Amino acid sequence: MATAVSTVAGEDGHPMQDLSKMIPGPILLLGAPGVGKGTQAKQLVQLWDIPQISTGDLLRANVKNGTELGKMANEIMQKGQLVPDSLVNEMVALRLTEPDVKRGFILDGFPRTLVQANWLDEKLAKQSSDPADTPASTLPVVAVSIQVDYTQLLRRITGRRNCPVCQTIYNIYLQPPKVDGICDVEGAALVQRSDDTESCFAGRMLTYQSLTAPVVEHYRALSRFAEVNGDQPVADVAASIVSSVERLRA
Ligand code: AMP
């Protein structure tokens, strides 16, 4: 069960109430590349004890393992473009059959197109009318969009470095490791994602504006939507997300 409940402070600075009993249900984290969806998802995973489902991570695992999907996706990802909807939807469908999603899940980086959003809405609507339902699947999706301005995003993306062992995320400008290029926890050499360069970032932002920004509008039009300021310390962003989800689930 969650152990980090009391570590997330509410917006008033006091610890959040024990939310571990709340069934979080399906949660979407939306926002441009670099707004901190992955970082925030990891905070929420600890708090609610539900899995983070990052389509970017799943695709990178496929690339690393040399699967057919990985071979197809690799070149597309290098260009900052989107992997075809049908492939990503299939990958998400498979992930959602795992038992750890019973109380809910945090989708990070999905849906990224209106086709994906409509597919997800339909899939969850079908599940919620299924008599074999789990508690989470009867809950509607809650979408939270994280906002950060372009210049800040550029610094976050081009400065981002990951530990290949423990996956801790650093930023050489904003949150550097104690020793240049080395993970504080594991002592491993940090790596930069190959699509975190300035030229690739520009392509990813164009893709975001044309294909993913309409997804944010899609969920804004439904009533279970919140926007949070992502240009704050990690714990403050997490607290804003938690209070938004709590409000939208009330
Ligand atoms: P991310 O780690 O979320 O920034 O994703 C890295 C890359 O994976 C993206 O630039 C896309 O090429 C691909 N990708 C991740 N999620 C999706 C998605 N939902 N649909 C299509 N492509 C995706």
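Order of appearance sets the numbers: ligands from 1, and atoms from 1 within every ligand. It should be emphasised that the depicted structure is a prediction, and the values quoted were computed from it without experimental measurement.
Nearest non-hydrogen protein atom to atom 12 (O) of ligand 1 is Gln81 O, 2.5 Å. When hydrogens are left out, the protein atom nearest atom 20 (N) of ligand 1 is Gln116 NE2, 2.9 Å; that is the closest non-hydrogen contact. From the protein, the heavy atom lying nearest to atom 18 (C) of ligand 1 is Arg112 CD, 3.5 Å.
With ligand atoms numbered from 1 in the order given, ligand 1 contributes 1 (P), 2 (O), 4 (O), 6 (C) to contacts under 4.0 Å with heavy atoms of Arg193.
A salt bridge links Arg95 with Asp100; the closest basic N to acidic carboxylate O contact falls under 4.0 Å.
Within the structure, ligand 1 lacks Lys79 among the residues with a heavy atom less than 4.0 angstrom away. The shortest heavy-atom distance from Lys37 to ligand 1 is not under 4.0 Å.
Summarising the contacts of atom 14 (N) of ligand 1 with Val83, Thr55, Leu59, the nearest heavy atom is found in Leu59. Comparing heavy-atom distances from atom 7 (C) of ligand 1 across Arg204, Met77, Met91 singles out Met77 as nearest.
Taking the six-membered ring where the residue is Trp, the centroids of Phe201 and Tyr150 are separated by under 6.0 Å.
Of all the heavy atoms in Gln116 and Asp85, the pair that sits closest is NE2-OD1, 3.0 Å.
Among Gln52, Lys42, Lys37, the single residue meeting the side chain to side chain donor-acceptor pair (under 3.5 Å) criterion with Asp108 is Gln52.
The shortest N or O to N or O distance between Arg60 and ligand 1 is below 3.5 Å.
Pairs engaging residues 160-175 under the side chain to side chain donor-acceptor pair (under 3.5 Å) rule: Arg160-Asp196 [sequence neighbours left out].
Rounding to the nearest 0.5 Å gives a distance of 10.5 Å between NE2 of His218 and OG1 of Thr113. Between Leu153 atom CG and Ile157 atom CD1 the span is 7.0 Å, to the nearest 0.5 Å.
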